[in-house]
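Encoded as C-alpha cells, the structure appears first; notes follow it.
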There are 2 protein chains.
Amino acid sequence: MAVTMNDVARAAGVSLKTVSNVLNDYEFIRPATRQKVHEAIAELGYEANLTARSLRSGKTRMLGLVLSDLSAPYYAELASKLMKVASGRGYRVLVEQSGATVENETNALQGPFRQLTDGLLFTPLAMEADAVAAGRGNKPVVLLGEHILDPRFDLVTMKNEEAAKVVTAHLLAGGRRRIAVVGVHPEQSEGSGGMRLRGYRKALDEAGIEFDPELLAPCTWRRDEGAAAISALLDRGVTFDAVFGLNDALALGALHELLIRGIEVPKDVAVAGFDDIDEARFASPSLTTVSPGMDEIAERSIGLLIDRIEGLEPTDGGVHVEAGFILKIRESAP
Amino acid sequence: MAVTMNDVARAAGVSLKTVSNVLNDYEFIRPATRQKVHEAIAELGYEANLTARSLRSGKTRMLGLVLSDLSAPYYAELASKLMKVASGRGYRVLVEQSGATVENETNALQGPFRQLTDGLLFTPLAMEADAVAAGRGNKPVVLLGEHILDPRFDLVTMKNEEAAKVVTAHLLAGGRRRIAVVGVHPEQSEGSGGMRLRGYRKALDEAGIEFDPELLAPCTWRRDEGAAAISALLDRGVTFDAVFGLNDALALGALHELLIRGIEVPKDVAVAGFDDIDEARFASPSLTTVSPGMDEIAERSIGLLIDRIEGLEPTDGGVHVEAGFILKIRESAP
DNA sequence: CTGAAAGCGCTTACAG
DNA sequence: CTGAAAGCGCTTACAG
C-alpha cells in the first residue's frame with residue numbers, strides 16, 4: 001500500500017535501522033549512506049507513518065489545549081498564536097472545549113484526550129487545585145490563567161492585579177472619581193476577576209478615594225451581561241463617571257448600553273476594559289484597555305510545556321511565569 | 001506499564017478477540033461473557049490505546065479543519081461549532097491554519113497533517129480547483145466556502161448571492177438609493193465576494209436603479225481596511241446614503257469611520273453587513289446583517305464528511321449543500 | 001459465538 | 001557506524 005521504511009531500506013540497500021537513524025538525525029552515519037537513503041526516500045516518495053511512530057515511541061508531538069470555548073475572542077486569538085508558536089517547534093495543538101464544567105475539565109485531564117497529547121495547556125475554570133493535582137497524571141501540564149495559583153503547578157499568567165491598578169489609576173488621573181466595575185463575581189476573591197478587582201481597590205486606596213460597593217455590577221463575563229449589568233446600575237440610580245469592565249467584552253457591552261441611553265463617552269462617562277481584543281481598537285469610540293501580553297504568554301507557555309516534555313526544564317517545583325502588559329489609551333478614556 | 005487488552009482478557013478468562021469484540025460492540029456475544037469483560041475492564045481501569053487502534057485500523061477518528069486564521073471571529077465561531085457537532089458523533093477536530101497561502105494549503109492537503117485525520121474540511125482560499133482535485137488523495141474532502149464551486153467536490157456553502165440580494169433590497173426598501181459596497185476585490189467575480197456583489201447588482205436591477213461603479217470600495221476583508229476604504233470614498237467626495245459591507249468586520253470598520261466623521265447612522269447613512277458575528281448585535285448602533293446559517297453549515301458539513309468516511313453517503317459525484325439564511329434587521333439599517 | 005495467529009510501521013535495546 | 005530481532009497494543013481475516 002503506502003511506502004514503508006522497509007521499502008526505503010531495500011531500495012537503498014541498507015537495513016531498517018539505518019533508515020531510522022537517518023530519519024532521526026542520528027549523528028554517526030557515513031555521509032554516503034545518508035545520501036543513499038535520502039535518494040531512496042525521494043525516489044519512492046516515502047513519508048513516515050506518524051501513528052506507527054507514536055505507538056512505538058509513546059510520543060504524539062501534539063499538545064492539548066483545554067479552554068472553555070474557542071469562540072470567545074480572547075481564546076480564539078490565543079489558540080491561533082499558540083498553534084503558530086507550537087508549529088515552529090514541530091508540534092501541533094489539539095483543542096478541547098470544556099464549557100467550564102467540572103465534568104468536561106476532568107475528562108480533558110484524565111480521558112482519552114490525554115493519550116493523544118504529550119502535554120497539556122490547561123485553563124482550569126471549574127476544577128479545584130487539589131482535583132487537578134490528583135488527576136494530572138505524569139505527563140506535563142502547564143496551567144494558563146488565574147483560577148488556580150498554586151506552587152505545585154507550572155503556570156503562565158498575566159499581571160492582573162498590577163494591570164488593573166494601572167487602568168484604574170489612569171481613570172483617576174483623568175479626574176474620574178466614581179468608577180463602576182462591571183463583571184464582579186460576588187463571592188470570588190480568586191481568579192482573574194478577583195485579582196483585577198483587587199488592583200482596582202489598590203488604585204483607589206493609593207489615591208485616597210473611598211471604595212463604594214454600590215459601584216460593583218456583578219455579572220458573568222459576556223458582552224450582553226455587561227450591557228445588562230450597567231443598565232441595572234443606571235436603573236438603580238447609582239451615579240458614576242467611569243466604567244471599568246473586567247474584560248473587553250464587558251466593557252464593550254457597557255459602552256453599547258451607555259450610548260443607547262444617550263450617555264456620552266468619554267464626556268459623561270469614561271470606559272476602560274481589559275484584554276485588548278482586536279475589536280477594542282475598532283469600537284466607537286475606540287476602547288481604552290490593557291494589552292496583557294498575549295504574544296509573550298503564547299511563547300512562554302508553549303516553551304515551558306515543550307521543555308517539560310523534552311526534559312529540558314530542570315526546575316523541580318512549579319515554574320511561575322508572569323507576562324508583561326501595556327496600557328492602551330484610546331478614545332473611550334483618554 | 002499501562003493496562004492492555006491482554007490483561008483484561010486474562011482477568012476475564014477470555015481471549016483477546018473477545019475483549020475486542022466487546023469493545024467494538026459486536027452483536028453476537030453471550031451476555032455473560034460481555035459482563036465478565038466489562039467487569040474486568042472496570043476492575044483494572046483499562047482504557048483503549050487510541051494510537052494502537054489507529055495504526056491497526058487506519059482510522060484516527062479525527063477530522064482536519066483547514067482555514068486561514070482561527071483568530072478571525074467567523075472562523076473561531078465556526079470551528080467551535082464544528083468541534084461540538086463532531087464530538088457528538090465521536091470525532092475530534094484538528095485545526096490547521098493556512099494563512100491563505102498556496103504553500104500552506106497544499107501542505108495541509110498533502111502533508112503529514114492528512115495522515116492524522118480521516119477526512120478534511122477544507123476552506124480553499126489560495127489554491128485553484130484543479131490543484132485541489134489533483135492533490136486531494138483518496139480520503140474524503142469536503143470544501144467549505146465559495147472560492148471553489150466545482151461539481152467534482154463535496155461542498156457546503158451559504159446562499160451568498162441570494163442573501164446579498166435580500167440585504168440590498170432591504171436597504172432599497174428603506175429608501176436608500178446610493179449604496180456603497182465595501183470589500184470588493186477588483187478582478188474577482190468568484191468567491192464569496194463576487195457572489196455577494198452579484199446579489200447586490202441583481203437587487204439594484206430589479207429595483208430599476210442604475211449600478212454606479214464609483215460606489216465600489218475595494219479592500220481586503222479586514223476591519224481596518226473597511227474603515228480605510230470608506231474613508232477613501234468620502235475623501236474622493238463620493239456621495240452615498242447606505243453602506244453594504246461584504247462581511248460584518250468590514251461593515252463594522254465602515255461604521256466606526258462614519259461615526260468618527262460625524263456622519264449619523266442610520267439617519268445619514270444606513271449600514272448593513274454579512275455574517276452576523278456575535279459582535280454585530282452589540283455594536284453601537286447594532287448592525288443589520290445576514291445570518292448565514294452557521295449552525296446548519298456546521299451540522300451539514302460534519303455530517304457529510306463523516307458519512308463519506310464511513311461509507312454512508314452513496315452519491316458518486318460531488319454533493320452540494322446550501323444552508324439557509326436569515327436577515328437580521330437592527331438599528332444600523334432599520 | 002469464541003480462539004490463535006498475523007501484522008499495521010515504526011523505534012528501541014542489544015550486538016557487533 | 002550498521003544489522004537482525006523484538007515489540008508498542010491493538011484489529012483483522014481465518015478457523016472452528
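We name chains A, B, ... by the order of the sequence lines, and we start the count at 1 in each one.
One atom, CG of Asp7(B), and another, C1' of dC10(D), lie 13 Å apart when rounded to the nearest Å. The distance from atom CZ of Arg30(A) to atom C1' of dG3(D) is 13 Å, rounded to the nearest whole Å. The distance between atom CG of Asn6(A) and atom P of dA4(D), rounded to the nearest whole Å, is 11 Å. In this structure, Arg10(B) places its CZ atom 12 Å from P of dG9(D), rounding to the nearest Å. Between the CG atom of Leu55(B) and the P atom of dA6(C) there is a distance of 18 Å, given to the nearest Å.
Between Thr33(A) and dT2(D) there is a side-chain polar atom (N or O) within less than 4.0 angstrom of OP1 or OP2. Regarding contacts with the backbone of dC1(D), every side-chain N or O of Thr18(A) stays at 4.0 angstrom or more from both OP1 and OP2. Contact annotation: Ser54(B) side-chain N/O to dC8(C) OP1/OP2 distance is not under 4.0 Å. Contact check, Thr4(A) against dG9(C): no side-chain N or O comes under 4.0 Å of OP1 or OP2.
Asp278(A) is not listed as a side-chain neighbour of Pro73(A), based on a closest heavy-atom distance of 4.5 Å or more. For the pair Leu78(A)/Met294(A), a side-chain contact is recorded, criterion being any heavy-atom separation below 4.5 Å from C-beta on.
Contact check on Arg92(A) versus Glu96(B) returns a salt bridge, with a Lys/Arg side-chain nitrogen under 4.0 Å from an Asp/Glu carboxylate oxygen. The pair Asp130(A)-Arg152(A) counts as a salt bridge, with a side-chain nitrogen and a carboxylate oxygen less than 4.0 angstrom apart. Salt-bridge check for Arg308(B) with Asp118(B): failed, with every basic side-chain N at 4.0 Å or more from each acidic carboxylate O. By the 4.0 Å N-to-carboxylate-O rule, Arg136(B) lies too far from Asp154(B) to be salt-bridged with it.
Heavy-atom neighbours of Glu310(B) CD from other residues, nucleotides or ligands within 6.0 Å: above the threshold of 12.
Residue Asn49(B) has its side chain nearest to dG9(D) when only dG9(D), dT2(D), dA4(C) are considered.
Going from the P atom of dA13(D) to that of dC1(C) covers 23 Å, rounded to whole Å.
In DNA chain C, runs of at least 3 consecutive Watson-Crick or G-U pairs, each pair with both distances below 3.5 Å, span C:1-3 with D:14-16, C:5-12 with D:5-12, C:14-16 with D:1-3.
Gln97(A) places a side-chain N or O within donor-acceptor distance of the main-chain N or O of Ser80(B), the cut-off being under 3.5 Å. Proximity of a side-chain donor or acceptor of Ser301(A) to a complementary backbone N or O of Ile297(A) within less than 3.5 Å is detected.
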Protein proximity profile, nucleotides 11-16 of chain D - base contact B, sugar-phosphate-only contact S, no contact -, cut-off 4.0 Å on heavy atoms: BBB---
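Note on Thr51(A): nothing from the nucleic acid sits closer than 4.0 angstrom, heavy atoms only.
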